[in-house]
Number of protein chains: 2
Amino acid sequence: MQDQTTPKRPYHHGSLKEALVAAGIDILDTRGLEALSLRAIAAHVGVSHTAPKNHFGSLKGLLTAIAAEGFRRHTEFMKFGAEDSPKSRQIAAMQGYIRFAATHPHLFRLMFSPALCAYDDPELKAAAGESYAVLAGIAKGLDWDKSSAPDAGRRAELLMWSVVHGYAMLHLSGSAQGTGPVLNIADIIPDFGYLPQTHSPATVT
Amino acid sequence: MQDQTTPKRPYHHGSLKEALVAAGIDILDTRGLEALSLRAIAAHVGVSHTAPKNHFGSLKGLLTAIAAEGFRRHTEFMKFGAEDSPKSRQIAAMQGYIRFAATHPHLFRLMFSPALCAYDDPELKAAAGESYAVLAGIAKGLDWDKSSAPDAGRRAELLMWSVVHGYAMLHLSGSAQGTGPVLNIADIIPDFGYLPQTHSPATVT
DNA sequence: CTCCAATGTTTCCACTGGAAATATAGATAC
DNA sequence: GTATCTATATTTCCAGTGGAAACATTGGAG
C-alpha cells in the first residue's frame, strides 16, 4: 500500500530505460535535436543526469537506443496503408518513408547521424535492418532495373532507397524549399502518377 | 621591413576570415566533425577562441562560411571531367557529387546540417544555389520524366538530385555498407551502364 | 599627431558529458 | 525476520564548450 504515501517519487524508477527513450523522442519532437542533451532527457524524467549511465553507458548509448526505437516506428509508417499488391506496398512504403521524415524530422536525422549513434549496436542493427528489409522486399517485384545483371535485385533496392532517402533528406535540410511540402512520391516518380494518393493523418508543419 | 622582426606574430592576423575557414575544412578532413569546435578552429590558426566573433558573429556563422566554401568546391567536383555533351556532363556531375561526398565526408555532412548552418545566409544561399544549378541545368536535357506534366523539368531535377544525394548520404551513414564503395553511378542507374567510367584521383578510404 | 574604429585578448559565465564516491532499496540467503 | 549483496540512483566533482563583457593593440582617417 505504498500508493497511499503522498506523491513521493520512489528512489527506483522501475522502468527508467523505456522512460528515457520516450523522453528523448518527446524532446526531439517538441524542442528539436539541439535540445537533446543528456541532462535534458534526465530532467524530463525527473532523474539525475548520471542515472542513464547505468542503463546505456553513455549519451551515445542512449541516443542509439532512441534511434533504434525510431527505426521501429519508421518501419510501421512504411507498412501503413498497404494493401495486398506489390504496387500498393511500394507506394505505401515510399510515402511512409517520406511521411515519417516529415513527421519526426529530428528523430529521422538522429537515426542517420553516425556522429551520434553507434551503428554496431545489435539492437540498432536489428531495427534498421528490418526497416531496410521492407523496402528491399518490395523492390524485388519491380522492373526498375531492366538489365539482366546478376545483381539486378540489389541495384533496384539501392535505387529505390536512394531516391526516397535523398528526397526526404533534401526536404529536411531545406534544400528542396520552394518546391513546397511535396510529400506525395508521385510528384517525383512520374511512373506513379496514375496512382491514387494515400496520404494519412500526419502532415508537414 | 617588419619581416626582420623575429617570428613575432603580429597582433592583427591580416586574413583571419579565410584562415579560419581553411582551418575548419582542414580539421573536418583530418579529425572529423566531432572535433570541429570553435576553440579548435581558433587554436589551429593560433588565435584566441573569441577572435572569430568579429568576423562571423558566432560559431554558427563560421560553420556557415565553411559550408559555403564546401559548396563551391562541390560545384567544381561536379564540373570535373565533363566533355561537351549532355550525357557526359550528366555522368560527370553525378559521379562528381558522390566523389565529393566520399572525399570530404564530414564537410559534406556539415553542408547538409540545418542544426549547424544558417541556410538564410546570402553567401551560403548563393553557393548552394550554384551547385544545384549544375544538376538542374543538366536535368533539362534528360528524358527521365516522360510524362508531359507542366512541371516535368522540375520533376527531373528533383529526381536526379534525390538519387545522387540519397546515395551519397546512405554511404556516409554506413547504411549502404556491404555494397562496397560503389562510387560509379552506373552501378545504381542501369541506363548508364554502357558509359565509360570516369573515375578521378580521389577514392573512398 | 590624435583620435577612432577594427581587430584580438583576457576573464568571466552557464552549460555539457563523464568519473568517482555515496546513498537507497529490492532481492536473496540463512 | 534479518543480514548481506547487488542493482539503481544521487551527489559532487572535473575538463571542455560557446558566448558576453571589458580591455588591449593596431592601422588608418581626420
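Numbers restart at 1 for each chain; the letters A, B, ... are given by sequence-line order, proteins then strands.
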Whole-Å distance, Lys17(B) NZ to dG8(C) P, equals 12 Å
Is there, by distance only and without an angle test, a donor paired with an acceptor across the side chain of Asn54(A) and the base of dA9(D) below 3.5 Å?
yes
Only one of Phe77(B), Phe112(B), Tyr132(B) clears ring-ring contact (aromatic ring centres under 6.0 Å, His included) with Phe71(B); which?
Phe112(B)
Please examine the side chains of Arg99(B) and Phe80(B), heavy atoms only from C-beta on, and report whether any two atoms are closer than 4.5 Å.
yes
Separation of dT17(D) atom C1' from Leu63(B) atom CG, nearest Å, is 13 Å
Pairwise N/O distances under 3.5 Å, protein to nucleotides 14-21 of chain C:
| unit_1 | atom_1 | unit_2 | atom_2 | d |
| --- | --- | --- | --- | --- |
| dG17(C) | OP1 | Leu38(A) | N | 2.6 |
| dG17(C) | OP2 | Leu38(A) | N | 2.9 |
| dG17(C) | OP2 | Arg39(A) | N | 3.0 |
| dG17(C) | N7 | Arg39(A) | NH1 | 2.3 |
| dG17(C) | O6 | Arg39(A) | NH1 | 3.2 |
| dG18(C) | OP2 | Leu59(A) | N | 3.0 |
| dG18(C) | N7 | His49(A) | NE2 | 3.1 |
| dG18(C) | O6 | His49(A) | NE2 | 2.8 |
| dA19(C) | OP2 | Lys53(A) | NZ | 2.4 |

Just by distance, no angles: are the side chains of Tyr97(A) and Trp161(A) close enough, under 3.5 Å, to form a donor-acceptor pair?
yes
Once salt bridge (charged side-chain N to carboxylate O under 4.0 Å, His left out) is applied, what residue pairs with a partner in residues 19-44 of chain A remain, sequence neighbours excluded?
none
Please name the pair of heavy atoms, one in Leu63(A) and one in Cys117(A), separated by the smallest distance, quoted to 0.1 Å.
O-SG, 4.3 Å
Contacts of Ser58(B) that satisfy side-chain contact (heavy atoms from CB on, under 4.5 Å) - sequence neighbours left out:
Lys60(B)
Send over the distance from Ile41(B) CD1 to dT17(D) P, rounded to a whole Å.
11 Å
Measure from NE2 on His13(B) to C1' on dT25(D) and round the result to the nearest Å.
16 Å
Whole-Å gap separating P (dT8(D)) and CZ (Phe56(A))
11 Å
